[in-house]
Amino acid sequence: PKFAEYVKHTYESEKEYRPALALERSPFFPNLILTVHNFHYAIWKIDLEGYDKPIFKSSSTNNSAHNTCGAFSPTRPGVIFITKTDGIDVWDFLDLSNKPSLTLNFATSVITYMRFQHYKHADQRQYMAFGDEKEGTFFLWEVPQNLRQAQENEEENIQNFWDREVKKCLFAIEQRE
């Protein structure tokens, strides 16, 4: 079939009853992809030969909420935003990697879509737009400075973090053999 001509590689994703809810490429690390699933998200490094599993898998979403969408921060290499049925989890890998650094519970109904506006203002403000499921309401949230302004050497530190995650994954494979 023609479809197979375009597929370069397939990854065995999480065993779930529905497809991934989001698929995003990192703006800082083009070889990293974020997939968002019902109760967790995963980071995949697509240029690892012979390795087709995530290099990072988040802990499960707390409470009864499930994930709905997600994205890498366009301005912070170490920040990921995951929308849930009851709000937004912010994962700052310079702070924590085992749970969200911040949870924003301001959703009035299920958030189904989000998008960042890149800097276009002289005052360097950044906005995140998101919409809900119930009434199609559009929300515009100003991203706080600590979540939009990269810290010193953040890109290098986060690259080192992902490199360590890859080493952990490869070590685990070696131990199984």
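Quick note: numbers below take in every heavy atom, side chains included, and nothing from hydrogens, waters or symmetry partners.
Contact between W44 and D52 at its shortest, heavy atoms only, is CZ3-O, 3.3 Å. Of all non-hydrogen atoms in M114 and C69, the two that sit nearest each other are CG-SG, 3.9 Å. Taking each heavy atom of F39 and N67 in turn, the nearest pair found is C-ND2, 3.6 Å. K84 approaches A65 most closely through the heavy-atom pair CB-CB, 4.3 Å. For the residue pair S73 and P27, the shortest heavy atom distance occurs at O-CG, 3.5 Å. When all heavy atoms of T75 and F28 are compared, the pair lying nearest together is C-CZ, 3.5 Å.
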* To do: Please assess Y113 against F130 for the test side chain to side chain contact (heavy atoms under 4.5 Å, CB included), listing each intermediate value before the final yes or no.
  => CA-CA 5 Å; Y113 183 79; F130 56 95; over 6 Å; no

* To do: Check the pair R76 / L94 against side chain to side chain contact (heavy atoms under 4.5 Å, CB included), numbers first and verdict last.
  => CA-CA 10 Å; R76 291 266 325 266; L94 288 180; 3.9 Å; yes

* To do: Could you give me the CA-CA distance, side-chain angles and deciding distance for F81 and F116, then say whether ring-ring contact (aromatic ring centres under 6.0 Å, His included) is met?
  => CA-CA 10 Å; F81 293 81; F116 285 98; 5.0 Å; yes

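Ring to ring, Y127 and F139 are not that close: their centroids are 6.0 angstrom or more apart.
For the pair M128/L140, no side-chain contact is recorded, criterion being any heavy-atom separation below 4.5 Å from C-beta on. Looking only at side-chain heavy atoms (C-beta outward), S58 and K99 stay at 4.5 Å or farther from each other. Using a 4.5 Å cut-off on side-chain heavy atoms (C-beta onward), I111 and I88 make contact. Residues R25 and I46 have side chains in contact (heavy-atom distance under 4.5 Å, counting atoms from C-beta outward). Residues I82 and V36 meet the side-chain proximity criterion, which asks for heavy atoms closer than 4.5 Å.
Looking at residues two or more places apart in sequence or on another chain, you find a salt bridge (charged side-chain N to carboxylate O under 4.0 Å, His left out) between E142 and R125, R148. Under the side chain to side chain donor-acceptor pair (under 3.5 Å) criterion, T103 pairs with D89, not counting sequence neighbours.
At a cut-off of 3.5 Å, with distance as the only test, a side-chain donor of T35 or H37 sits close to an acceptor on the other residue. Counting only N and O atoms by type, the side chains of T68 and T83 include a donor and acceptor under 3.5 Å apart.
Considering D95, N146, V79, L147 as possible partners of S101, the one that fulfils the side-chain contact (heavy atoms from CB on, under 4.5 Å) test is D95.
By the 6.0 Å contact criterion, CZ on F138 is enclosed, its count of non-hydrogen atoms from other residues, nucleotides or ligands being greater than 12.
L48 and I43 fall within a single hydrophobic cluster, where Ile, Leu, Val, Met, Phe, Trp and Tyr side chains are chained together by heavy-atom contacts under 4.5 Å. Under a hydrophobic clustering in which Ile, Leu, Val, Met, Phe, Trp and Tyr are joined whenever their side-chain heavy atoms come within less than 4.5 Å, directly or via other members, F72 and V166 fall into the same cluster. No continuous path of ILVMFWY side-chain contacts below 4.5 Å connects L96 to I80, so the two sit in separate hydrophobic clusters.
Ring pair W91/Y41 is perpendicular by interplanar angle, where above 60° counts as perpendicular and below 30° as parallel.
At least one donor-acceptor pair under 3.5 Å links the side chain of E154 to the backbone N or O of Q151.
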